[in-house]
Visitor: 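Before I ask anything, let me first share the structure, which is written out below as structure tokens.
Side chains included, hydrogens not; waters and symmetry mates left out as well; all remaining heavy atoms used. Remember, it's 1-based here, ligands and their atoms both numbered in the order they're listed.
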Amino acid sequence: MTKAMTGIPGLDDLIGGGFVEGSTVLLSGCTGTGKTIFGLQFLYSGAKHFGEPGIFVTLETRPKELRSEALQFGWDLKDLEEQKKIIIIDAASSKAGLPTSEKYTLRRGFDMSNLAEEVYRAVEEIKARRLVIDSLSGLGVRFSEPSEVRNDLFRIGALLGELNVTSLVIGEVNDPATLSRAGVEQFVVQGLIVLSLSEVEGVLQRNLLIWKMRQTTHSMKKHSIVITNKGIEIGVSKPERKKPRAHRTASN
Ligand SMILES: Nc1ncnc2c1ncn2[C@@H]1O[C@H](COP(=O)(O)OP(=O)(O)OP(=O)(O)O)[C@@H](O)[C@H]1O
Ligand SMILES: [Mg+2]
């Protein structure tokens, strides 16, 4: 089984080497938990380091903002776009009814079939191996309406299945129980990762939980994560942190 390395330091070790190639993983969490950054890191790493071109479908953030968000972490999307290793599909402008000078957008208006067509074309054009959709609620998927969610997810799932790319789909829900009620299980063929924020002694702490990852054993722990100027990484746990100190003492 071939794995697509995520590019998130520390994560691949927790999930048996990466996402199963061609599968779909749902990345969920409330606002500000780092979902978009995770998506950018997955796509950028793939294109830059693992020879896997990718498509980013943005439904809420305009491409210009995404590029500058990515640049904070040293990820030059523009450069990879020019090299035909990344395509950003601007569905945000068409959704908001705003004009755009982006090359990849939904000229005929915002709907699922136009979006699907544009995604097909983009995947074909650069032989994409990865796809990020940011986000499901931008697609109009409402988790408060389980029956609707099931239909929408079925259509999106069918599209992703056709494309044969490793997909990361972003959703806003923080509570996996809500996701199960909404029938996400049927759609998420491979995995579900939940990002969250929790308050520890008055300080917000970032967490990552692998709720489900098929065809592999995976960590069942809530891992702390950090966002640095290099992007997201899994925090080093306390016992591991002690090792370098012990080593220094020994060599002195
Ligand atoms: N350069 C940076 N260094 C450290 N942390 C950063 C940096 N840039 C952004 N962040 C953190 O990342 C958060 C935003 O992450 P991101 O945009 O990925 O969240 P999100 O889960 O996509 O949110 P939303 O659901 O609102 O789109 C910010 O609130 C901030 O805490
Ligand atoms: Mg976001």
Visitor: Is it the side chain (CB and beyond), the backbone, both or neither of Lys35 that lies under 4.0 Å from ligand 1, heavy atoms counted?
Guide: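 For Lys35, backbone and side-chain atoms both sit under 4.0 Å from ligand 1.
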Visitor: Would you say Thr36 reaches the Mg ion (ligand 2) with an N/O/S atom under 2.8 Å?
Guide: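 Coordinating: yes.
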Visitor: Knowing that exactly one of Arg130, Lys127, Lys3, Lys85 qualifies, which makes a salt bridge (Lys or Arg N to Asp or Glu O under 4.0 Å) with Glu52?
Guide: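 Among Arg130, Lys127, Lys3, Lys85, the one that satisfies the salt bridge (Lys or Arg N to Asp or Glu O under 4.0 Å) with Glu52 is Arg130.
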Visitor: Under 4.0 Å between a Lys/Arg side-chain N and an Asp/Glu carboxylate O for Arg67 and Glu82?
Guide: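 A salt bridge is absent here (no side-chain N lies under 4.0 Å from a carboxylate O).
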Visitor: Report the residue from Asp134, Leu168, Ile86 that forms a side-chain contact (heavy atoms from CB on, under 4.5 Å) with Phe56.
Guide: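 Passing option: Asp134.
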Visitor: Inspect the surroundings of NZ in Lys95 and state if more than 12 heavy atoms from other residues, nucleotides or ligands are less than 6.0 Å away.
Guide: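 More than 12 within 6.0 Å, yes.
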Visitor: Identify, for atom 8 (N) of ligand 1, the protein heavy atom at the shortest distance, and state residue, atom and that distance.
Guide: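 Among all protein heavy atoms, the one nearest atom 8 (N) of ligand 1 is Gln72 NE2, 3.4 Å.
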Visitor: Do any nitrogen or oxygen atoms of Glu172 come within less than 3.5 Å of a nitrogen or oxygen of ligand 1?
Guide: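 Min N/O separation from ligand 1 is not below 3.5 Å for Glu172.
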Visitor: Quick one: nearest non-hydrogen protein atom to atom 27 (O) of ligand 1, plus distance?
Guide: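 Checked against all protein heavy atoms, atom 27 (O) of ligand 1 sits closest to Thr36 OG1, 4.0 Å.
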Visitor: Kindly say whether Gly7 contributes a backbone atom to a donor-acceptor pair with the side chain of Gln41 at under 3.5 angstrom?
Guide: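 A pair under 3.5 Å: yes.
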Visitor: Would you say Lys230 touches ligand 1, if touching means a heavy atom closer than 4.0 Å?
Guide: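 No, Lys230 has no heavy atoms under 4.0 Å from ligand 1.
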Visitor: Between Glu118 and Arg121, is there a salt bridge with N-O shorter than 4.0 Å?
Guide: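 Judged by the 4.0 Å cut-off on N to carboxylate O distance, Arg121 and Glu118 do form a salt bridge.
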Visitor: Look at the aromatic rings of Phe19 and Phe42 and report parallel, tilted or perpendicular, splitting at 30° and 60°.
Guide: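 Aromatic pair Phe19/Phe42 classed tilted.
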Visitor: To the nearest 0.1 Å, how far is atom 28 (C) of ligand 1 from its closest protein heavy atom, and which atom is that?
Guide: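 Checked against all protein heavy atoms, atom 28 (C) of ligand 1 sits closest to Arg206 NH2, 4.4 Å.
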Visitor: Between Phe73 and ligand 1, which part of the residue brings a heavy atom under 4.0 Å of the ligand: side chain, backbone, both or neither?
Guide: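 The answer is the side chain of Phe73.
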Visitor: Would you tell me which option among Ile227, Ile37, Leu195 has the nearest heavy-atom contact to atom 9 (C) of ligand 1?
Guide: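 Among Ile227, Ile37, Leu195, the closest heavy atom to atom 9 (C) of ligand 1 comes from Ile37.
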Visitor: Relative to atom 13 (C) of ligand 1, which among Gly39, Gly171, Gly32, Ser137 owns the nearest non-hydrogen atom?
Guide: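 Among Gly39, Gly171, Gly32, Ser137, the closest heavy atom to atom 13 (C) of ligand 1 belongs to Gly32.
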Visitor: Are Asn229 and ligand 1 in contact, using a heavy-atom cut-off of under 4.0 Å?
Guide: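 Asn229: no contact with ligand 1 (<4.0 Å).
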Visitor: Between ligand 1 and Thr31, is the shortest N or O to N or O distance under 3.5 Å?
Guide: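 The answer is yes, given that Thr31 and ligand 1 share an N or O pair closer than 3.5 Å.
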Visitor: Classify the contact between Glu65 and ligand 1 as side chain, backbone, both or neither, using a heavy-atom distance cut-off of under 4.0 Å.
Guide: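 It is neither; nothing of Glu65 touches ligand 1.
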Visitor: Is the shortest side-chain N to carboxylate O distance from Arg62 to Glu102 below 4.0 Å?
Guide: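 The answer is no: the pair does not qualify as a salt bridge.
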Visitor: Should Gly29 be listed as contacting ligand 1, given a heavy-atom distance under 4.0 Å as the test?
Guide: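 For ligand 1, residue contact (heavy atoms, under 4.0 Å) with Gly29 is absent.
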Visitor: So, Glu125 and Tyr104: side-chain donor and acceptor under 3.5 Å apart, yes or no?
Guide: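 The criterion, which ignores hydrogens and geometry beyond distance, is satisfied for Tyr104 and Glu125.
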Visitor: Does a side-chain N-to-carboxylate-O contact under 4.0 Å join Glu117 and Arg108?
Guide: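 Salt bridge present between Glu117 and Arg108.
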Visitor: Below 4.0 angstrom from a heavy atom of Gly34, which ligand 1 atoms are there? Numbered from 1 as shown, please.
Guide: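 Numbered from 1, ligand 1 contributes 15 (O), 16 (P), 18 (O), 19 (O), 20 (P), 21 (O).
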